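The structure under discussion appears below in the form of structure tokens.
Since we're looking at a predicted model, the values are computed, not measured. Start at 1 with the first residue, then count along the sequence.
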Amino acid sequence: MPKLTIDDREIEVPSGLTVLQACELAGVEIPRFCYHERLSVAGNCRMCLVEMERAPKPIASCAMPVGEGMVIKTDTPTVHKARKGVMEFLLINHPLDCPICDQGGECDLQDQAMAFGFDRGRYAENKRAVKEKFMGPLIKTIMTRCIQCTRCVRFSTEIAGVEEIGLVNRGEHAEITTLEKAVDSELSGNLVDVCPVGALTSKPYAFTARPWELRKTNSVDVMDAVGSNIRVDTRGREVMRVQPRLHEDINEEWISDKTRHACDGLGRQRIDQPYVRRDGKLVPASWEEAFGAIASKMDGLAGEKMAAIAGDLCDAESMFALKQMMNGLGSENLDCRQDGAKLDASTRAAYIFNSSIAGIEAADAVLLVGTNPRWEAPLINARLRKRFLASGLKIGMIGPQVDLTYQVEYLGAGGETLKDVAEGRSSFSDILKNAERPMIIVGMGALARTDGGAVLALARKLADEFGMVSDDWNGFNVLHTAASRVGGLDLGFLPGEGGRDLESILDGAGKGEIELVYLLGADEIGMNNLGKAFVVYQGHHGDAGAHRADVVLPGAAYTEKNATYVNTEGRVQLGRLAGFPPGDAREDWTIIRALSAQVGEGLPYDNLGQLRQKLIEAHAVFAAIDQVQPGSWTDFGAAGDLEAAPFASPVANFYMTDPISRASDTMAKCTEAFVLGKQEGATGTDG
């Protein structure tokens, strides 16, 4: 480890670091524009100049590797003069539009101009103007502000894996451009975050708020099962934007476009009061009328004639309360698997991402089964790409043939191919056998089928055969698509003894054997299969469930409640209330608690703290906040034959997968640009 002296202080740092990184370790802040911790070094803004002993001129600290005996000075008149000169050059062509710039108040250029800006201009020449570029429905460009730091080029190429942004021309004529193409990436919103000036800003957020007007609340995302850490910015009750929050083990500092931009759906098609169906039409009602209608239907109804289904966005507290109420009424007909996934909840290792998301960076061979991680979990796909670029990770794929932004070996489409790999008849079998830390990722495209149990059993057998499970490594991973799924499995929101699963509930409702179905935010099931059953829908958007319901109870969205979620790796996280729900809507567990008293099965808690205490007493895993709790490795899955049908991803449109994103105007524009446009191109139709 080399020793160097920084501002008369000797420090020892790991070899391979740059001078800028060494200065950061020494507690010295170095200004920069082009340098970013997660991107390759470009060295083209020169803002990070420092003095190095025996060097003829200041050096760019971001591009200079540390060496033994270096003497670095960061606070000398020469350094200050150099940085002020660089800043003056950067501002030659930069427009004076801070008052109308969306980056104002959180702009790196503003901040550093305060320290190194000149107090007057010395240039009388005209400023250069650059034509705006089209980058799609999410990114607004004001390219005259661009300082050619190339962060956006490096992000799109290295992290997102779409080489659609580049620098053309030279010198004063240099411009960042996409050649008038939309940036087709599920991570494109992060370009706004990496831009250090206001050249790339959020198109949906443009001219809506200033950062100092917003109340900032740390929370977690529910648009997929990754559980990305986010910051929800609100003004009054309205969610203005969603920003990423740093969590190295989950999302690093990125979030997907759906996480970032679907928040405008929170203000549309909201259920803000109870409704009761009268004469075939849903009409507004009071809470007493809605509860009365449910209580009169439940009165005298046997428990086996009632069922409850939990949706993809539900929090653990509401599922726990609903499970207790239904069990108290004598019903064991519960299911949280809206897609019918054949998951075995007897052992936790059977349904979580055991290696953890960060553990992807330790894998040396990966087998993807029935999953398209680019659409199902963009942040996990970004981790796979990161590992591929760092080590040439070998990745095999069974299922839909899609572009994942990195090189994969396509093995086949369905169960027969998985069987070939498991029994050593595939070329990829040898790769898995010779790997030190092999990994398998099984998606809902393989498990949400009638033979899902057999696929799960075969995947477990494959993990055992190829040494994926050892004392310090478990490479068996299930990739969920629903934020509520792992939490629901953890607390047992599943059929009890003699209870019905989702398929049996729908079948029973169609035959008249199930007379009451309670939908807790469940919108992804076949509503036509519910027959003549009395349907109670509790949720926050007027989606499929509300249209079919006989009684509608207005719940709270994920930004409007303090709630617990468990991500695909089994990490328990807390979402925070950022704004209050509209109208008469209430937090979901409070609705169930009030209803339970009406139907004679009052739940034993009156506040969130008491509920969480009961939840932890019943399921200790919920006590470990922000920790991954491993499961024991035992036998799971169901023996059986595999179907010949190919595995298909459950996500047909990344931008619309739940009631919130389906209500979002921004997601509708993305669907039109990136999904429908491709389909029209593939079929040759005229748009």
**Asked** Is there a donor-acceptor pair closer than 3.5 Å between any side-chain N or O of Asp233 and the backbone N or O of Leu214?
**Response** no
For Lys258 and Thr657, does a side-chain donor sit closer than 3.5 Å to a side-chain acceptor? yes
When rounded to the nearest 0.5 Å, the distance separating NZ of Lys323 from CG of Leu615 is 10.5 Å
| Arg245 side-chain N/O to Ser219 backbone N/O, donor-acceptor pair under 3.5 Å | yes
Side-chain heavy atoms of Ile250 within contact of Glu569, under 4.5 Å | yes
Quick one: does any side-chain atom of Asp224 pair with a main-chain N or O of Val226 as donor and acceptor, under 3.5 Å? yes
In Thr405, Leu384, Val402, Val651, the residue satisfying side-chain contact (heavy atoms from CB on, under 4.5 Å) with Arg374 is Thr405
Note: Leu313 and Tyr565 closest approach over all heavy atoms is O-CE2, 3.7 Å
Exam field: side chain Gln243 to backbone Val232, donor-acceptor pair closer than 3.5 Å
no
Next on the checklist: If we ignore hydrogens and angles and just use 3.5 Å, is the side chain of Arg154 paired with the main-chain N or O of Thr150 as donor and acceptor?
Outcome noted: yes
To the nearest 0.5 Å, atom CZ of Phe33 lies from atom SG of Cys62 at 12.5 Å
So CD1 of Ile591 and CG of Leu322: to nearest 0.5 Å the spacing works out to 11.5 Å
In Asp249, Val486, Ile625, the residue satisfying side-chain contact (heavy atoms from CB on, under 4.5 Å) with Arg571 is Asp249
**OP:** Taking the side chain as every heavy atom from C-beta outward, state whether His540 and Pro582 have any atom pair closer than 4.5 Å.
**Re:** no
The side chain to side chain contact (heavy atoms under 4.5 Å, CB included) partners of Gln148 (sequence neighbours excluded) come to Arg128, Cys146, Leu167, Ala174
Under 3.5 Å, is there a donor-acceptor pair between the side chain of Arg270 and the main chain of Pro581?
no
Heavy atoms of Leu404 and Pro373 approach each other most closely as CD2-CD, 3.9 Å
Check: Gln103/Thr201 side-chain N/O donor and acceptor closer than 3.5 Å: no
Determine whether Arg612 and Glu617 satisfy the following criterion, salt bridge (charged side-chain N to carboxylate O under 4.0 Å, His left out), listing intermediate values before the conclusion. CA-CA 8 Å; Arg612 283 180 172 166; Glu617 287 172 9; over 6 Å; no
Should the pair Phe388 and Tyr406 be assigned to parallel (<30°), tilted (30 to 60°) or perpendicular (>60°) ring geometry?
tilted
- Task: Decide yes or no on side chain to side chain contact (heavy atoms under 4.5 Å, CB included) for Ser484 and Met319, but give the supporting numbers first.
- Result: CA-CA 9 Å; Ser484 66; Met319 287 189 286; 4.0 Å; yes
Is atom NZ of Lys216 surrounded by more than 12 heavy atoms (other residues, nucleotides or ligands) closer than 6.0 Å?
yes
**Asked** Is a side-chain donor or acceptor of Arg151 paired with a backbone partner of Tyr35 at a separation under 3.5 angstrom?
**Response** yes
Open item on the list: Test your reading of the model: is there a side-chain donor-acceptor pair from Glu560 to the backbone of Glu587, 3.5 Å cut-off?
Closed with: no
Is it true that Ser156 and Glu163 share a donor-acceptor pair across their side chains at a distance under 3.5 Å?
no
Between the OG atom in Ser664 and the CE atom in Met223, the distance rounded to the nearest 0.5 Å is 9.0 Å
Run the ring-ring contact (aromatic ring centres under 6.0 Å, His included) check on Trp375 and Tyr655 step by step: do they pass?
CA-CA 9 Å; Trp375 274 15; Tyr655 298 100; 7.3 Å; no
#### Entry: Min side-chain heavy-atom separation Phe353-Phe476 under 4.5 Å
no
Of all heavy-atom pairs linking Val220 and Tyr558, the shortest is O-CD1, 3.8 Å
Nearest heavy-atom approach of Asn474 to Asn477 is O-OD1, 4.3 Å
task: Report yes if the side chains of Val572 and Thr564 come closer than 4.5 Å at any heavy-atom pair, otherwise no.
output: yes
*Does any N or O in the side chain of Ser61 come within less than 3.5 Å of the main-chain N or O of Val19, such that one atom is a donor and the other an acceptor?*
no
The reported gap from CZ in Arg593 to OG in Ser318 (rounded to nearest 0.5 angstrom) is 15.5 Å
* **Glu106 atom CD, over 12 foreign heavy atoms within 6.0 Å** => yes
Only one of Arg383, Lys386, Arg385 passes side-chain contact (heavy atoms from CB on, under 4.5 Å) with Ile360, and that residue is Arg383
TODO: Could you tell me whether the side chains of Asp221 and Thr259 share a donor-acceptor contact shorter than 3.5 Å?
DONE: yes
Do you see a donor-acceptor pair shorter than 3.5 Å between the side chains of Glu186 and Ser256?
no
* Asked: Would you say Phe207 and Asp102 make side-chain contact, with heavy atoms under 4.5 Å?
  -> yes
_Regarding Asn229 and Gln573, do their side chains bring together a donor and an acceptor under 3.5 Å, going by distance alone?_
yes
- Message: Is it true that, when you exclude Glu29 itself, more than 12 heavy atoms of the residues, nucleotides or ligands shown sit nearer than 6.0 Å to its CD?
- Response: no
_Do Leu447 and Val478 make a side-chain contact, defined as non-hydrogen atoms from C-beta onward lying under 4.5 Å apart?_
yes
So CG of Asp184 and CE of Met135: to nearest 0.5 Å the spacing works out to 14.0 Å
Worksheet entry | Ion pair check, Asp264 and Lys669, cut-off under 4.0 Å | no
